[in-house]
Structures are given as structure tokens and as C-alpha cells.
Amino acid sequence: MGGGGREHALAWACRRDCPESTVFCLPGNAGTARIATNLPGSATDVATVVRAARDNRIDLVIVGPEGPLAAGLVDALAKEGIPVFGPTAAAARIEASKAFAKELMGRSGVPTARSRTFTELDAAERYIDAHTEPLVVKASGLAGGKGAIVCATRTEARAAARAMLAENALGKAGSEMLVEEFLEGEELSVLAITDGEHFAILPPAQDHKRLQDGDFGPNTGGMGAYCPVSVATPALLRRIADEIIAPTLSALKADGAPYRGVLYVGLMLRPDGSPAVIEFNCRFGDPEAQAILAAMPSGLVPVLRLIAEGGWMPSGISLGDARHASVTTVLAAEGYPDAPVLGAEISIPAELEATPDVLLFHAGTAQGPDGRLRVAGGRVLGVTAIAPTIAEAAQRSRVAAESIRFEGKQFRRDIGWRELARKR
Ligand code: AMP
Ligand code: GLY
């Protein structure tokens, strides 16, 4: 379910891990159309999805994006007896309500930025005035990546709070919001596959949120990712498992909302090395999924299926070893992230499509009636390269990203720079 780069990568993983299977994507994109059957409709339209699953005798649904999860797609499919991988709406609140996630972390002792939740502007402004800069102002609800505003000054923070609470800038998503302490450090994405009780951590990844090289420019949905990440040592991952993932899953279970699916933990590694949660997501990250799935050996999809069918994770299973190093460079449209310009024709060199260590995961692409591939979204393509080292994968991904052409193409040439700096 879904139509971005993450979903193309998931469809590709289904084909790799279960070669006899038939794969459908709803709605998919021009890339998934090459390896699967695209079905019409929207992933958030629950009735359409249930009907499509029944009509096509689907025996495993994997839900990509947070919207359908928060809207109860998993609950609806499960009620029809259709195996589905992803959390229920109640469990997906861990992403869909940051206020809920903070409250749960607070009572479970999970390390995270200090914060307070507000629905009234006066109270939010008083809190902002009483705290030191910088501050982060966040919509509690789902805001499509536009909900977190890092504010260098209290003046900016007051303006962000006013936009959300008084000017309805993010609609319902921002009618409840949080003011949060700014965390210093390096970000890390740790994803765990879980049956609600047992879990296995996937190879860790690092996203690149800013538009421009060197982590400058506006925040985006993610301009690239790499996997694995050497700062995420086995000891650090054990700490994240014990101090963050296990207590979070226990609390959700105790609340009557056991979490089955993939839990994405967005972390800040503070200067003293300790991890703190920035946010939880109830799904695979995008573009992290493209890098992680390409780096992993085959074998993940049967585990997703087992969980979807209501089973427990096989005990002692490890999904954490990367087989390759991988780097994904995102190609974005002109004007992304503010106002992406759609319609440009995309040209991909034929030899690139035939290169086995470069995977092209489509995101905002569409193939018109004239057969031409065109830009149809802000993030257009993810160019994932696999290699024995991050340095080689980064080089291959960058060269391939350069060779794809469309008007106004934007991309970063430095994906994986932190890892390369560490190696130096
Ligand atoms: P989110 O929309 O929650 O993924 O946040 C987007 C980005 O804002 C994160 O990836 C961080 O780079 C930054 N961010 C969010 N919260 C904090 C925080 N408390 N301290 C520092 N940076 C943050
Ligand atoms: N790449 C960050 C996310 O998927 O939310």
C-alpha cells in the first residue's frame, strides 16, 4: 500500500524474498508498474483497499505510509481476515499523536527531549518565554513532514506556536502542539520489527533531512540515507533496545494497544553518547527503507508475513546484519520542498537500468500515455547503490544520480558524509 520510494523498495523486497509471489501495489508508481501490478485508488480509502484485497485474493498486505495506518486500514483488513503487516490505529498513535507518544515516554522512563503539550496560545507563549533558545515547536498530529519547526529564537518559536494554534496553519494536526527542548547531536534511525512483545532490530540507517550539501537549507522528507551506520555499535543498539524499544512496546501492550509492525525510532545521539528519542514513526522510513532493504540479505518478508498472520517472531531471530553497504541519493523536483514543479521529462541512461549494484526506486514518477517518464512528485527517484563499503556505495550512487536527467533536478552529492568523515 502506497506509492513512494519506500513502497517501490518494499515491492522489490517481496519479489526478492518470495520469488514465486505475485505483487500488487495500490496505487504504486511508474517504477512499481515494472515489477508489480498497480491497482487504482488511494491507500487511505479503506473501502477501496478492502475490496481490492478481496478481488485479488491478496494473502499479505504491507502498509507503507502513516496516513492509512492512522486511518485504521489495518483494523479494517484484519476484521475481514486479510493478513496485514502494520499497527492498528490505536498503536499507530505513537506517530499520529506526538502528545500521546510523549506522555507514554514520560511514564515509561524513555529518554526524550523535555516538552510540554498545548492547545492554548497564551500558555504556549508563557512556556516559550520561560525557556532557553533554541526551541522546537511541533504539531502533535500528522503534518506530512511539515510539523517540526526548529526555532533559533523565542520570537520564532512564538510565531510558530501562533501559526499552529491561532492561524490554523496545519489544520487539525497543529491544533494541539508541543514545545520541546532542542537536542544537540547526531541523528540515527533504528527500525525494529515486532509482534508486540518480541522484536528484532534492522541494520541502522541515517537520513539526510536538509535539502543541501553539508546539511544546509530547508528541512525535507529526506534527501538520502545510508546503511549500516558504524556509530550504532552493538552496545548502543542493546541500550536502545533495553531503554527505549522494550519499555515502549510494554507500555503500548499495557494500554491495550499492542504494537505489531515496524517501529521506527528517530534518535538523537547526544554528545555524551546517550540516545534520546526525537520521534517514533509507525512505519518504515523513507528514504531509510530503500537503503536498509537493499543492504539486508533476503529473508525479511517471510517474517513480516508471519507477524501479519498473527504469529510470534521466531525466537532468537536476527535481522540486524547488513550484507552490503548501501547509499540512497534522492533526486528531487525543481522547487522541492516548498513548491515542486511537476511534469519534467526524465531520462535514465539504459546502461544504468542494467547495472546490478544500482537500484532505482521510483517515488514521484508517472508514465504518460506517450510512454514518457515524467516528474509527478517532490521526491522523484531514489538511487540506491550497494557495495562492500559506504565510500564505494556513495561514489556509485552519486555518479548514477548525476547521469539521470530532468529539468530542475536537485540532489545532494554528500550522502553518507558523516560515515566517511568518521573513517577518515
Ligand atoms: P520530525 O518531523 O519530528 O521528524 O522532525 C524533523 C527534524 O527536526 C528531525 O529529523 C530533527 O532534525 C529535527 N528535530 C525535531 N525535534 C528535535 C529536537 N527536539 N531537537 C533537535 N532537533 C529536532
Ligand atoms: N525519513 C524520515 C521519515 O520517514 O520519517
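Indexing begins at 1, ligand by ligand and atom by atom, following the structure's order. Index from 1, following the sequence. Below, all heavy atoms of this structure are taken into account, side chains as well, without hydrogens, waters or symmetry copies.
Residue contact check for ligand 2: Gly221 places a non-hydrogen atom closer than 4.0 Å to it. Ligand 2 has Gly285 within reach: a non-hydrogen atom of the residue lies less than 4.0 Å from it. Residue contact annotation: Lys146 has no non-hydrogen atom under 4.0 Å from ligand 1. Residue-ligand proximity: Glu181 is placed with a non-hydrogen atom under 4.0 Å from ligand 1.
Remark: Glu197 CD is packed, more than 12 non-hydrogen atoms of other residues, nucleotides or ligands lying under 6.0 Å away. Within 6.0 Å of CZ on Arg270 lie more than 12 heavy atoms contributed by other residues, nucleotides or ligands. Counting non-hydrogen atoms of neighbouring residues, nucleotides and ligands closer than 6.0 angstrom, the CZ atom of Arg323 reaches no more than 12 such neighbours. The neighbour count for Arg114 CZ, taken as heavy atoms of other residues, nucleotides or ligands under 6.0 Å away, does not exceed 12.
With a 4.0 Å cut-off on non-hydrogen atoms, Lys209 touches ligand 2 through its side chain and not its backbone. No part of Phe284 comes within 4.0 Å of ligand 2, judged by heavy-atom distances.
When hydrogens are left out, the protein atom nearest atom 3 (O) of ligand 1 is Glu279 OE1, 3.1 Å; that is the closest non-hydrogen contact. Among protein heavy atoms, atom 12 (O) of ligand 1 sits closest to Glu187 OE2, 2.4 Å. In this structure, the protein non-hydrogen atom closest to atom 5 (O) of ligand 2 is Arg283 NH2, 2.9 Å. The protein heavy-atom contact nearest to atom 17 (C) of ligand 1 is Val136 CG2, 3.8 Å. Scanning all protein heavy atoms for the shortest distance to atom 19 (N) of ligand 1 gives Glu180 OE2, 2.7 Å. The closest protein non-hydrogen atom to atom 13 (C) of ligand 1 is Val150 CG2, 4.0 Å. Atom 20 (N) of ligand 1 has its closest protein heavy atom at Leu183 N, 2.8 Å.
The aromatic rings of Phe284 and Phe85 are tilted relative to each other, their planes meeting at an angle between 30° and 60°.
We find the SG-CD distance between Cys227 and Glu419 to be 10.0 Å, quoted to the nearest 0.5 Å. Considering CZ of Phe199 and CD1 of Ile245, their distance stands at 5.0 Å, rounded to 0.5 Å. Between Leu39 atom CG and Ile58 atom CD1 the span is 6.5 Å, to the nearest 0.5 Å. Here the straight-line distance linking atom CG of Leu293 with atom OG1 of Thr384 works out to 9.5 Å at 0.5 Å rounding.
Atoms of ligand 1 found under 4.0 Å from any heavy atom of Met268 (numbered from 1 in listed order, with element): 21 (C), 22 (N). Close contacts between ligand 1 and Phe182 involve ligand atoms 20 (N), 21 (C), 22 (N) [criterion: under 4.0 Å to a heavy atom]. Ligand-side atoms of ligand 2 in range of Asp207: 1 (N), 2 (C), range being under 4.0 angstrom from any heavy atom. Of all atoms in ligand 1, listed by their number and element, those nearer than 4.0 Å to a heavy atom of Lys98 are 3 (O). Contact atoms of ligand 1 toward Lys209: 4 (O), 10 (O) (distance under 4.0 Å to a heavy atom of the residue).
Side-chain atoms of Thr329 and Ser397 form a donor-acceptor pair, as typed in the model, at a separation below 3.5 Å.
Of the N or O atoms in Asn281, one or more lie within a sub-3.5 Å distance of an N or O in ligand 2.
Annotation: cation-pi geometry satisfied between Arg93 and Phe100 (NZ/CZ under 6.0 angstrom from ring centroid, within 45° of ring axis).
In this structure, of Gly144, Ala148, Ser115, Gly221, the residue bringing a heavy atom nearest to atom 6 (C) of ligand 1 is Ala148.
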N/O donor to acceptor pairs below 3.5 angstrom from side-chain atoms of residues 136-158, sequence neighbours left out:
residue : atom : partner : partner atom : Å
Lys138  : NZ   : Glu180  : OE2          : 3.1
Lys138  : NZ   : Ile278  : O            : 3.2
Ser140  : OG   : Lys98   : N            : 3.3
Ser140  : OG   : Ala99   : N            : 3.1
Ser140  : OG   : Glu176  : OE1          : 3.4
Thr153  : OG1  : Glu156  : N            : 3.1
Arg154  : NH1  : His131  : O            : 2.8
Glu156  : OE1  : Ala152  : N            : 3.4
Arg158  : NH1  : Asp129  : OD1          : 2.4

